[in-house]
2 protein chains.
Amino acid sequence: MHIDPVNILKDHDLKHTKQRVRVLEEIALDTVAISQPELEKKLGKEIDRVTLYRILNTYEDKGILHRIMDMNGTANYAICSSSCTEHHHHDEHVHFNCSNCQKIYCLDVKIPNIKMPPGFTASSINTTAYGICEKCSAGMKAD
Amino acid sequence: MHIDPVNILKDHDLKHTKQRVRVLEEIALDTVAISQPELEKKLGKEIDRVTLYRILNTYEDKGILHRIMDMNGTANYAICSSSCTEHHHHDEHVHFNCSNCQKIYCLDVKIPNIKMPPGFTASSINTTAYGICEKCSAGMKAD
DNA sequence: AATAACAATGCAATAAAATTGCATTTACTA
DNA sequence: TAGTAAATGCAATTTTATTGCATTGTTATT
């Protein structure tokens, strides 16, 4: 799947601006989620801090990005699967948060069904595993 | 199970101070997790903001409290089960975050085993469901 | 292509949340 | 009960997030 920022914007009735395109490009670069502070570092010279906040928020609202909170309460963003809509996110896959490099992976593993106790109605669910990722466990052997 | 702050402190080699006792008392009041801002509101007159931060941190380090991040990146705290130690938390139960009252419940539901992809080694896992809790769904009928 | 309408951006100011250093107070030990 | 070390409170600072408004840029229409 190839990401085309311009089409994504069109599909969601968002105006085409260079800042919005840049944000999507940057996030599409890697398959892992990128944190808000990292984005800020990378795009800080091109895009105002406040604008970045606003772009990320509208992308989340529109179902273009999904937001994953890490252990420290930092927001991380990844591109949504095509099934996400403005009204409901379908990021029901397991996340993996590496405690070494802090990266958050969207794993190709579905969240198992979990039965809620009487009275509790779940509309969405998130599970994230913490540990050492692929790259770090390879790298740690080498170093 | 009855919570005795004084014994908890002793068991973990922590000095007995009235601030530490108050924090534990406050958290033990309810079975649901309480957010850092709520604690601050409740204890703000008795305990300095900074002290509260420090107490919560040491409690987490010692395995007395576990911290659950909600959707907004706000820290919530609940008393750990007895099996938690200084070196490893065992809060491997499902959390439920009510989108109405924002409360976080520690459900008596174990997280199912999830097989990680090759190269990924998980040392802990967290799953939280979002939706409407028991009390809110009852209350919403009434109101 | 020009322009009108409106949305997005950047900047400045403000607010909120978290952290640090240090003087004072408090708890535990001998 | 005196000494020691740790915990607390306060002030200052830093970091993160939010708001208002003037300016710029995008799109639809002619």
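This one's a predicted model, so the numbers in the text were calculated from it and none came from an experiment.
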Colleague: I'd like to check A:S35 versus A:D70 (side-chain heavy atoms, cut-off strictly below 4.5 Å). Are they in contact?
Modeller: no
Colleague: Which part of the nucleic acid, if any, lies within reach of A:R20 when heavy atoms closer than 4.0 Å are counted: base, sugar-phosphate only, or nothing?
Modeller: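 Sugar-phosphate, no base atom in range.
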Colleague: How many Å lie between OH on A:Y59 and P on C:dA8, as a whole number?
Modeller: 11 Å
Colleague: Do the side chains of A:V109 and A:I125 join up, straight or via other hydrophobic residues, at under 4.5 Å, putting them in one cluster?
Modeller: yes
Colleague: Side-chain contact, heavy-atom cut-off 4.5 Å: A:I27 with A:Y59?
Modeller: no
Colleague: Let me know, please, whether B:V50 or B:Q19 comes out on the 5' side of the other along DNA chain D by nearest nucleotide.
Modeller: B:Q19
Colleague: Please give, in whole Å, the distance from C:dA17 P to B:N72 CG?
Modeller: 12 Å
Colleague: Once you round it to whole Å, what is the distance between P of C:dA17 and CZ of B:R54?
Modeller: 19 Å
Colleague: Round to the nearest Å and state the distance from A:R49 atom CZ to C:dA15 atom P.
Modeller: 17 Å
Colleague: What are the bounds, 5' to 3', of the part of DNA chain D that sits under 4.0 Å from heavy atoms of chain A?
Modeller: D:dT16 to D:dT27
Colleague: Report the distance from atom CD1 of A:I47 to atom C1' of C:dT9, rounded to the nearest whole Å.
Modeller: 10 Å
Colleague: Taking Watson-Crick and G-U wobble pairs with both distances under 3.5 Å, convert DNA chain D into its dot-bracket string, 5' to 3', dots for unpaired and | for cross-strand pairs.
Modeller: ||||||||||||||||||||||||||||||
Colleague: Could you pull out the protein-nucleic contacts involving nucleotides 26-30 of chain C (nitrogen or oxygen on both sides, under 3.5 Å)?
Modeller:
{"unit_1": "C:dC28", "atom_1": "OP1", "unit_2": "B:H16", "atom_2": "N", "d": "2.8"}

Colleague: Go through B:T127 and A:T128 one step at a time and tell me if the side chain to side chain contact (heavy atoms under 4.5 Å, CB included) criterion holds.
Modeller: CA-CA 6 Å; B:T127 118; A:T128 110; over 6 Å; no
Colleague: Heavy-atom nearest nucleotide on DNA chain C for A:E46 versus B:Y53: which residue maps closer to 5'?
Modeller: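 With A:E46 and B:Y53 compared, the 5'-side residue is A:E46.
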Colleague: Please determine whether residues B:V94 and B:M69 belong to a single hydrophobic cluster, defined as Ile, Leu, Val, Met, Phe, Trp and Tyr linked transitively by side-chain heavy-atom distances below 4.5 Å.
Modeller: no
Colleague: Under 4.0 Å, heavy atom to any atom of DNA chain D: which of residues 32-40 of chain B qualify?
Modeller: none
Colleague: Check the surroundings of atom CG in A:N113: do more than 12 heavy atoms from other residues, nucleotides or ligands lie under 6.0 Å from it?
Modeller: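 12 or below, so no.
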Colleague: If you draw a 6.0 Å radius around CG in B:N7, do more than 12 non-hydrogen atoms from other residues or ligands fall strictly inside?
Modeller: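 Yes.
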Colleague: Check the orientation of B:F120 and A:Y105. Use parallel for under 30°, tilted for 30 to 60°, and perpendicular for over 60°.
Modeller: perpendicular
Colleague: Would you name the heavy atoms of A:N126 and B:Y130 that are closest together and state the gap between them?
Modeller: CB-CE1, 4.0 Å
Colleague: So which pairs with a foot in residues 15-54 of chain B pass ring pair (Phe, Tyr, Trp, His ring centres under 6.0 Å), sequence neighbours left out?
Modeller: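 Pairs touching residues 15-54 of chain B that pass the test: none.
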Colleague: Distance check needed: C:dT9 P versus A:N57 CG, whole Å only.
Modeller: 12 Å
Colleague: What is the distance from NZ of B:K41 to C1' of C:dA17, rounded to the nearest Å?
Modeller: 15 Å
Colleague: In terms of hydrophobic clusters joined by side-chain contacts under 4.5 Å, are A:M116 and A:I111 together?
Modeller: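 Same cluster: A:M116 reaches A:I111 through Ile, Leu, Val, Met, Phe, Trp or Tyr contacts under 4.5 Å.
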Colleague: Can you name the salt bridge (Lys or Arg N to Asp or Glu O under 4.0 Å) partners of A:E26, sequence neighbours left out?
Modeller: A:R22, A:K42
Colleague: Would you mind reading off the distance between B:I55 atom CD1 and C:dA18 atom P, rounded to a whole angstrom?
Modeller: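 B:I55 atom CD1 is separated from C:dA18 atom P by 16 Å.
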Colleague: Any link between A:V21 and A:L14 through a network of hydrophobic side chains (Ile, Leu, Val, Met, Phe, Trp, Tyr) touching at under 4.5 Å?
Modeller: yes
Colleague: List the steps and the verdict of side chain to side chain contact (heavy atoms under 4.5 Å, CB included) for B:T51 and B:I55.
Modeller: CA-CA 6 Å; B:T51 304; B:I55 290 178; 3.8 Å; yes
